[in-house]
Amino acid sequence: MHTVRTEVRVEGVVQGVGFRPFVYALATGLGLTGLVGNDLDGVFAEVEGPEAAVAEFLGRLELQAPPLARIERVTTRALRPVRSASFVIAASESQTGLRRTLISADTATCADCLRELADPADRRHEYPFINCTNCGPRFTIVRDVPYDRPLTTMAPFTMCERCAAEYHDPADRRFHAQPTCCPACGPRLRLQNQPGLKNQLGLDHHENPIQAAAGLLRRGRVLAVKGLGGYHLAADAACEQAVAALRQRKHREDKPFAVMAADLAAAAELAEVDEAAAALLTSPARPIVLLPRRPGTTVAQATAPGNRQLGVMLPYTPLHHLLLAAVARPIVLTSGNVSDEPIVYRDDEARATLKGIADAFLTHDRAIHVRTDDSVARSFRGRPMLLRRSRGYVPEPLAVATGFPRPVLACGAELKNTFCLARGRHAFVSQHIGDLENAETLRSFTEGIEHFRRLFDIDPEVVAHDLHPEYLSTKYALELDLPAEGVQHHHAHIASCLADNGETGPVIGVAFDGTGYGTDGTIWGGEFLTASLAAFERGGHLAPVPMPGGAAAIRQPWRMAAAYVADPEVARRHQDHWPAVIAMAAKGINSPLTSSAGRLFDAAAAILGVRDAINYEGQAAVELEQLAETLTPAETRAYPAAVEAGVPFTIRGSDLLHAVIEDRTDGVPAPVIAARFHHGVAALIEAGCLLMRERYDLGTVALSGGVFQNLLLLSATVARLEARGFRVLLHSRVPCNDGGISLGQALVVASREAASRS
Ligand code: ZN
Ligand code: ZN
Ligand code: FE
């Protein structure tokens, strides 16, 4: 039979996911000789043998690749056969120059490892740090590249003989799995007392830390648990006292806590889990999934006060699996921090920050290198929708077909910040950094950028930033010694939605959010744009109103109600401040103008008496949505709003508020009013899009901005637009909120450059 030798190049393969051993096993199984190795561009192989066997090899290469490999492209080239005697794995070359291999995201414990974890005969039985090439910590333990054990936080642990044998055996599941370890050589779990509470807790140091920790949780104690990307705070989810204590000690008034359930069945007892949600819950990324809460579950009221949704996640580390099995009921698992500070991830920092909150610490000696919060997702019409893209997804790059002519850094927005470094066809969007308003978050931001630059070998030649001059991300961008390009906030939102769908526009972009700096110096947020990646035009917007007191108007929705309409009920509730606020708005003192849709929701919530002051961003709108949701069957009547023609056209949001007041005066139940208001906003979006279609002859609408996290509004809007024959683009892989802004900024700058070159 004819002998051939073929060179194979595989691009996009992630490091440390067992790709080379897979190639080795595939080739030797087919009786082929040759070699496999990796270099700066990815994995390469040369396979030699009978023509049919080589063809079989190529056919199975992509089909049977390891679960975590992300193959982007396979190319082949014929070589002259050299009669090699065997198949070998070539040593890694030293990694200088451009690095194109990728680092995997942290991945939930795989089925094989779970089987070993539960097997009393296995040497890793109940070992909380079991992992293999198919699962385990990655991004959060990587200190530098190349991705090799000495450059991870596993460096201090010297592999025992048995682990080393597995690590070096190409036929083993742990071949070159950098975090490979076992009870004899790896990290150790321990349960530490809060100083002074020792006797009170009655901890026995000879006891298994998992069992002891589970015992504390079952007795209503609050526990700090070291996870993959930071410390969590845990409490028995069914114990009202424990969850209330956690809330009070953490100074977190209303913002919901997430719950971890042992498995899909346990999750389904707490909330309604449809097929798409189940797929998200069990995916290797294991995000927190927002689900409709089941009435009458045993979850403590304080978990998500007044909330009809519940954030649920499944265990994603062996430690979680063991702990959940030992507690034998769901636990609250929330970021280890105080109020709005970022999640703590260093041991000393955790001891200092969480000492007043946690009764004990379930911790270990494997360091976390990068703070990474849990991701948050939900499904919409059977499709995943990420609301926070972080642990489990980052640093997987988003492939962008149009590409980046020059390496770019995009600094993102202020709230829910992420940054993005991009080059070639890859956009690396960072983990959720948080709100850039304290020194610790700013440090995560600046250190994160340095870390990403090193890991992915990206030396940006241009920096993109928001137009808001006061954003710390903008200030950071302008201080760099690089050409800086401003990108309007809502243009970035729409560009990010386009990128999410692999499109370039032009489209009608509906960007509805809380705050974004406009090109005219006012605050935008209820925008109808025509937008492509490179450019946009403002076709219409909500009629602007003053925000009396600026930031105070965001914290106190009743001020927005006052700015919009003279409602006697709101005036009565706030009679002490009312005249001053009205005067402030009328004279334009400390009252920037805004077309924000978020503020329109705030005003409606205040008028309905839902919320006059908020404890977390978007709270008033969230509660207004939940009020409307209590209705069955759904109310679909919509309040009308007048459109004032012009370029740009304006839509009178105040019309909706007058209708709210009228219905309230007529004694219409509040949930009905809330529903009619939502449908009114959906109807005004429909009206705006019809005008845009007429004017610009565009048939596709992209929806972006944090307001579309509102499911009731989103469903109503999509239904109306589709009924009018529009094609509607929604977010999926990147958040519609400001977490998606950095990707949009990077795309806009790259597209402007491409446009100016052609
Ligand atoms: Zn595994
Ligand atoms: Zn070992
Ligand atoms: Fe925004």
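In listed order, ligands and their atoms are each counted from 1.
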Asks: Are F175 and Y167 close enough that their ring centers fall under 6.0 Å?
Replies: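 Here the rings of Y167 and F175 have centres that are no less than 6.0 Å from each other.
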Asks: To the nearest 10 degrees, could you say what angle the Zn ion (ligand 2) makes with SG of C160 and SG of C163?
Replies: 110°
Asks: Please determine whether the number of non-hydrogen atoms from other residues, nucleotides or ligands lying under 6.0 Å from atom NZ of K416 exceeds 12.
Replies: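 Check passes, neighbour count above 12.
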Asks: Which protein N, O or S atoms does the Fe ion (ligand 3) have within a distance shorter than 2.8 Å?
Replies: H489 NE2, H493 NE2, D513 OD2, D738 OD1
Asks: I need the R70 CZ to S104 OG distance, nearest 0.5 Å.
Replies: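 Reported value, rounded in 0.5 Å steps: 9.5 Å.
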Asks: What orientation do F601 and F677 show, parallel under 30°, tilted 30 to 60°, or perpendicular over 60°?
Replies: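 Rings of F601 and F677: perpendicular, over 60°.
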Asks: Got a salt bridge between E166 and R124, using NZ or NE/NH1/NH2 to carboxylate O under 4.0 Å?
Replies: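 Yes.
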Asks: For the ring pair F22 and Y24, is the centre-to-centre distance below 6.0 Å?
Replies: no
Asks: Take the angle between the ring planes of H320 and Y316 and call it parallel below 30°, perpendicular above 60°, tilted in between.
Replies: perpendicular
Asks: Using the Zn ion (ligand 1) as the vertex, how large is the angle between SG of C113 and SG of C135, rounded to 10 degrees?
Replies: 100°
Asks: At the Zn ion (ligand 2), what is the angle formed between atom SG of C182 and atom SG of C185, rounded to the nearest 10°?
Replies: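 The two atoms form an angle at the metal of about 120°.
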